[in-house]
Amino acid sequence: MAANFALLHAPSSISTQHCRRNKIIHINRLKPATSSSCSSYPARQRGTSAFSIITCSSSNGREPDSIDPAVKSVEKVLEKKRRAELSARIASGEYTVQSSGFPSVLKKSLLKLGIPNEALEFLFSWVDGYGQYPRIPEAKGAISAIRSEAFFIPLYELYLTYGGIFRLTFGPKSFLIVSDPSIAKHILKDNSKAYSKGILAEILEFVMGKGLIPADGEIWRVRRRAIVPALHLKYVTAMINLFGQATERLCKKLDTAASDGEDVEMESLFSRLTLDIIGKAVFNYDFDSLTNDTGIVEAVYTVLREAEDRSVAPIPLWEIPIWRDISPRQRKVSEALKLINDTLDDLIAICKRMVDAEELQFHEEYMNEQDPSILHFLLASGDDVSSKQLRDDLMTMLIAGHETTAAVLTWTFYLLSKEAGVMSKLQEEVDSVLGDRLPTIEEMKRLKYTTRVINESLRLYPQPPVLIRRSLEDDVLGEYPIKRGEDIFISVWNLHRSPKLWDDADKFKPERWPLDGPNPNETNQNFSYLPFGGGPRKCVGDLFASYEAVVALAMLVRRFNFQMALGAPPVVMTTGATIHTTEGLKMTVTRRMKPPIMPSLETSTLEVGDVSFSKQDPVGQKGEVSTAHS
Ligand code: HEM
């Protein structure tokens with residue numbers, strides 16, 4: 001899905017510094033305890049430990065950190081200590097300094113004389129001439145201070161101190177960090193026209209061009225109107241079969257691993273499962289990456305990793321034309337892009353021929369049975385679009401729909417490995433609803449607890465953890481006026497884990513979502529829960545992705561038990577377009593002994609998105625599959 005946020009190299013044209021400083025935190029004075037300590041320890045490559053691991057012939061393109069597990073756990077403890085110290089020091093105000101200049105000196109002197117700080121704050125806000133407006137709290141730091149860990153973690157600690165909106169300044173760059181549901185709603189929904197994708201569009205241009213995620217303005221409006229109808233309910237229903245077949249292939253792989261007593265690295269397997277699914281679903285191409293490692297699969301991962309690395313790189317070297325020619329890495333990226341683009345051009349040409357040969361009667365729920373792909377729908381609809389734009393859209397959906405769902409499955413299995421009670425409840429439901437059959441849309445309604453497990457996993461690990469916007473005009477966020485050109489990060493991570501918004505915010509508790517209640521979404525949770533974004537730019541694949549995750553989860557836990565492998569490296573988060581692990585999710589898989597249980601015949605209703613399905617009201621009548629279609 002949408003690439004990420006740690007975009008610290010914002011172009012100089014943005015980030016107008018208009019806001020007076022009052023609170024400034026010096027993150028750059030804080031020394032991360034762990035970052036440099038690793039190099040003195042012996043390196044270990046994945047797969048060379050005493051445990052054999054089954055993966056695909058290569059990883060999903062991500063190099064694991066080769067660090068001894070024992071060293072990692074020491075580092076983890078140090079890391080926890082460092083973070084606790086950081087929180088304590090931020091909270092104590094040690095890193096909060098006041099503005100320089102005469103008013104600040106005067107204020108310090110008056111403080112020393114014992115005048116209460118609150119009184120001085122009030123008085124000096126008028127002296128500064130900003131009395132009519134409160135000023136946004138400001139944090140200041142150095143890139144090095146946060147590069148040692150996933151970017152959204154320090155943002156969470158700052159949020160706990162500075163609240164729902166604060167400014168983060170790195171040298172000349174400045175970002176607004178939003179963690180307040182009503183401000184998020186204002187930006188994403190109520191005043192969405194006043195915001196663009198900003199830095200995100202700049203970063204993703206090389207791979208997505210003017211595709212739906214980075215596009216803004218008229219191009220976005222036209223493309224969204226063309227693409228959303230392609231994901232109609234009949235299409236999503238057909239996709240459930242595809243999800244089942246692809247998961248079946250993964251089950252076979254796991255079956256072999258279980259027989260051979262080999263551990264499996266689930267993150268890369270999920271990445272390949274979802275790549276196979278999205279290739280077929282979007283342009284009818286079988287990557288078959290669960291069994292093969294063809295050049296095209298490698299090319300997709302090369303491009304994906306480049307997009308992620310660009311989103312966290314401090315200096316945009318790739319913008320220097322000569323660098324693009326001399327850097328072996330950039331040359332590899334260009335070659336990968338060419339291969340993917342050529343393949344997409346071929347697929348578009350093949351599909352055009354199919355559509356020309358068809359005697360088609362296009363209608364709202366049009367779908368070609370042999371090729372139900374989104375590409376086929378778009379061409380059959382007579383969509384008047386250039387090949388370049390079509391390619392950009394396909395590429396966007398390939399990326400948007402691939403690593404997001406893979407990350408959801410990875411973190412769901414990680415969470416389940418820690419909560420045996422949730423796993424047994426889940427298996428009980430799947431046994432009774434599904435038996436050993438491939439799931440159908442009817443079963444989606446009845447896999448209520450399975451759906452809640454995914455809902456809760458998306459709360460704890462939102463993909464992506466931060467949404468990016470740029471203000472196109474002056475606006476007011478909460479009580480704070482802001483100028484045009486502000487870069488904004490809406491931290492979904494903070495919203496989803498806020499102790500102000502959730503009981504036991506860090507706890508994995510699918511039960512927090514009542515089984516007979518509505519499917520949680522940004523509307524019924526008032527923007528404190530927004531796994532698929534919200535407003536006009538909400539994910540177009542929300543229902544598709546939810547079903548995909550539910551089918552894969554149900555089929556896998558039906559057949560197997562999963563445990564963290566003995567001696568597996570600790571599971572540590574790292575930042576990409578989505579939340580990855582640093583060293584994969586190594587699990588031991590065993591076949592379940594339980595005989596299949598016949599499905600119960602109970603009739604039930606489950607609301608998915610804003611649509612309520614029931615047996616009496618068969619799906620597919622209205623063609624409205626989710627709020628993305630509004
Ligand atoms: C669990 C899996 C997924 C998650 C968590 C997810 C999440 C999101 C989020 C949060 C956004 C909003 C981004 C923003 O406002 O900046 C988004 C947008 C989008 N997603 Fe997804 N997504 C998932 C799967 C998919 C799939 C399967 C597809 C395609 C079939 C897809 C296609 C898109 C597109 C095209 C957009 C851009 C919409 C626009 O800007 O109009 N996503 N997604």
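Order of appearance sets the numbers: ligands from 1, and atoms from 1 within every ligand. In this chain, residues are counted from 1 in sequence order.
Counting the atoms of ligand 1 from 1 in the order shown, those under 4.0 Å from a heavy atom of Val408 are 1 (C). Atoms of ligand 1 lying under 4.0 Å from at least one heavy atom of Pro531, given by number and element, are 5 (C), 7 (C), 10 (C). Every atom of ligand 1 with a heavy atom of Leu467 under 4.0 Å away is listed here by number and element: 10 (C), 13 (C), 14 (C), 16 (O). For ligand 1 and Phe544, the ligand atoms under 4.0 Å from any heavy atom of the residue are 27 (C). With ligand atoms numbered from 1 in the order given, ligand 1 contributes 39 (C), 40 (O), 41 (O) to contacts under 4.0 Å with heavy atoms of Trp220. Near Arg469, the atoms of ligand 1 lying under 4.0 angstrom from a non-hydrogen atom of the residue are 14 (C), 15 (O), 16 (O).
Formation of a donor-acceptor pair under 3.5 Å by the Tyr235 side chain with backbone atoms of Ala281 is found in this model. Remark: the backbone N or O of Glu486 is paired with a side-chain donor or acceptor of Ser471 at under 3.5 angstrom.
Between Ile296 and Phe287 there is a side-chain heavy-atom pair separated by less than 4.5 Å. Put simply, the side chain of Met266 does not reach to within 4.5 Å of the side chain of Thr410, judged on heavy atoms.
Under 3.5 Å, the side chains of Asp393 and Gln389 contain a donor-acceptor pair of N or O atoms. If you check the side chains of Thr274 and Glu403, you find no donor sitting under 3.5 Å from an acceptor.
Heavy atoms of Arg537 found under 4.0 angstrom from ligand 1 belong to the backbone as well as the side chain.
Any N or O atom pair closer than 3.5 Å counts here, and Gln463 shares no such pair with ligand 1.
Ring pair Phe152/Phe489: centre-to-centre distance not below 6.0 Å.
The closest approach between any non-hydrogen atom of Lys197 and ligand 1 is below 4.0 Å. Ligand 1 lies out of reach of Arg223, whose nearest heavy atom is not under 4.0 Å from it.
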